[in-house]
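What follows is one structure encoded as structure tokens, with my remarks underneath.
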Number of protein chains: 2
Amino acid sequence: MYICPMYSSGLIKGTLKTIILNLLKNENRMYGYEITQKVKDLTGSKIKITEGALYPTLHALEKQGDLITEKEYIGKRVRKYYKLTDQGKTTVQERVNEFADFIQTMRFLLDLDSPKQNV
Amino acid sequence: MYICPMYSSGLIKGTLKTIILNLLKNENRMYGYEITQKVKDLTGSKIKITEGALYPTLHALEKQGDLITEKEYIGKRVRKYYKLTDQGKTTVQERVNEFADFIQTMRFLLDLDSPKQNV
DNA sequence: TTGCATACTTAAGATTCTTATGTATATTTG
DNA sequence: CAAATATACATAAGAATCTTAAGTATGCAA
């Protein structure tokens, strides 16, 4: 198993819930493993969600009422599908808007909008 | 002391060093308290660096060789100025580039580039 | 039949932040 | 001028969130 270049210093920290919720906004329902693969695919392996981060986060989102689960058996193997609740749909918008605002602030703070950064 | 709306869920997490280093890139040298005020001003209080986060981070950056200090006395009060080392200047570029890349990835992942998000 | 992919769970440890406490000087304001 | 606020640093305890690791088990391909 190879290691690919990922973001250091925990940039992902704090965005994991937002990513998961937003995926479910577009996909209706997904199961855990599917989420990790989708994120890996969409980001060209720049973001890889580890299982140790994913499953506790899914459980937390369910506990706080943003997700509900549907268990299904694929052969003998359990698969837990997650989907947004109505509350979850609101939470997604809040989270995404907040993140959009945050990166605007950061772009300004780090001078990322001005041209000729690397001259 | 009033509480103003800040970013929840630790979005700032992982970006603090980047913010500090980038400020010092433009300002030559700054002291801790000055940094907190500058960030508060530049972000309209959207980002407030607490002392408990700031000082340990400054110490860590010094320890890892990105910053050096100059103590000065203003009257009887100590003030520690921080400035970038040569290594620190490299680190800033790396950190900022990484963060710029990260928000590009996130903008794509969260669909922030497509118009009519909030219609 | 061995290894890899799929699929979920949880515990231990690391990192990074918040909150709280402590110390001390300087300035503003009633 | 006394009290409150601002300046200025430090650090410890606790919370949140992630990584790493270990465990369990099925399905498939070489």
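Letters go in sequence order (proteins before strands), and every chain restarts at 1.
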Check nucleotides 26-30 of chain D for protein N or O atoms closer than 3.5 Å to its own N or O atoms and list the pairs.
unit_1  : atom_1 : unit_2 : atom_2 : d
dT26(D) : O2     : R77(A) : NH1    : 2.3
dG27(D) : OP1    : K76(A) : N      : 3.2

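- Of the candidate nucleotides dC8(C), dA8(D), dT18(C), dC8(C) has the atom nearest to the side chain of Y33(A).
- Here the CG atom belonging to L54(B) is positioned 7.0 Å from the CG atom belonging to L16(B), to the nearest 0.5 angstrom.
- Distances shown here put every side-chain N or O of Y55(B) at or beyond 4.0 Å from the OP1 or OP2 atom of dA10(D).
- Atoms CD (E51(A)) and P (dG23(D)) sit 15 Å apart, rounded to a whole Å.
- If you measure from atom CG of L58(A) to atom P of dT10(C), you get 12 Å, rounded to the nearest angstrom.
- Comparing T57(A) and P56(B), the nucleotide of DNA chain D nearest to each residue sits closer to the 5' end for P56(B).
- The one candidate from R77(A), R79(A), R29(A) that meets the salt bridge (Lys or Arg N to Asp or Glu O under 4.0 Å) condition with E72(A) is R29(A).
- Mapping K17(A) and Q37(B) onto DNA chain D via the closest heavy atom, the residue that lands nearer the 5' end is Q37(B).
- Taking 4.5 Å as the limit, some side-chain heavy atom of L11(B) sits within range of a side-chain heavy atom of E98(A).
- For the pair R79(B) CZ and dT25(C) P, the interatomic distance rounds to 16 Å; values are reported in whole Å.
- Atom P of nucleotide dT7(D) and atom NZ of K80(B) are separated by 20 Å, given to the nearest angstrom.
- The nucleotide whose nearest atom lies closest to any side-chain atom of A53(B) is, among dT18(C), dT9(C), dT6(C), dT18(C).
- A straight line from CG of L67(B) to P of dC9(D) spans 13 Å, rounded to a whole angstrom.
- Straight-line distance from the CG atom of L16(A) to the P atom of dT16(C): 17 Å, rounded to whole Å.
- Computed from coordinates, the E62(B) CD to dC9(D) P distance equals 13 Å when rounded to whole Å.
- Classification of K46(B) and D101(A) as a salt-bridged pair holds, one side-chain N sitting under 4.0 Å from a carboxylate O.
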Heteroatom pairs (N/O) under 3.5 angstrom, protein to nucleotides 13-15 of chain D:
none

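- Remark: Y81(B) OH is packed, more than 12 non-hydrogen atoms of other residues, nucleotides or ligands lying under 6.0 Å away.
- Interatomic distance, NZ of K38(B) versus CD1 of I20(B), reported as 15.0 Å (0.5 Å rounding).
- A distance of 7.5 Å separates CZ of F99(B) from CD1 of I19(B), quoted to the nearest 0.5 Å.
- Annotation: the span from I47(A) atom CD1 to T36(A) atom OG1 amounts to 13.0 Å, rounded to 0.5 Å.
- Regarding H59(A), its NE2 atom lies at a distance of 7 Å from the C1' atom of dC8(C), rounded to whole Å.
- Residue L61(B) holds its CG atom at 13.0 Å from CD1 of I68(B), rounded to the nearest 0.5 Å.
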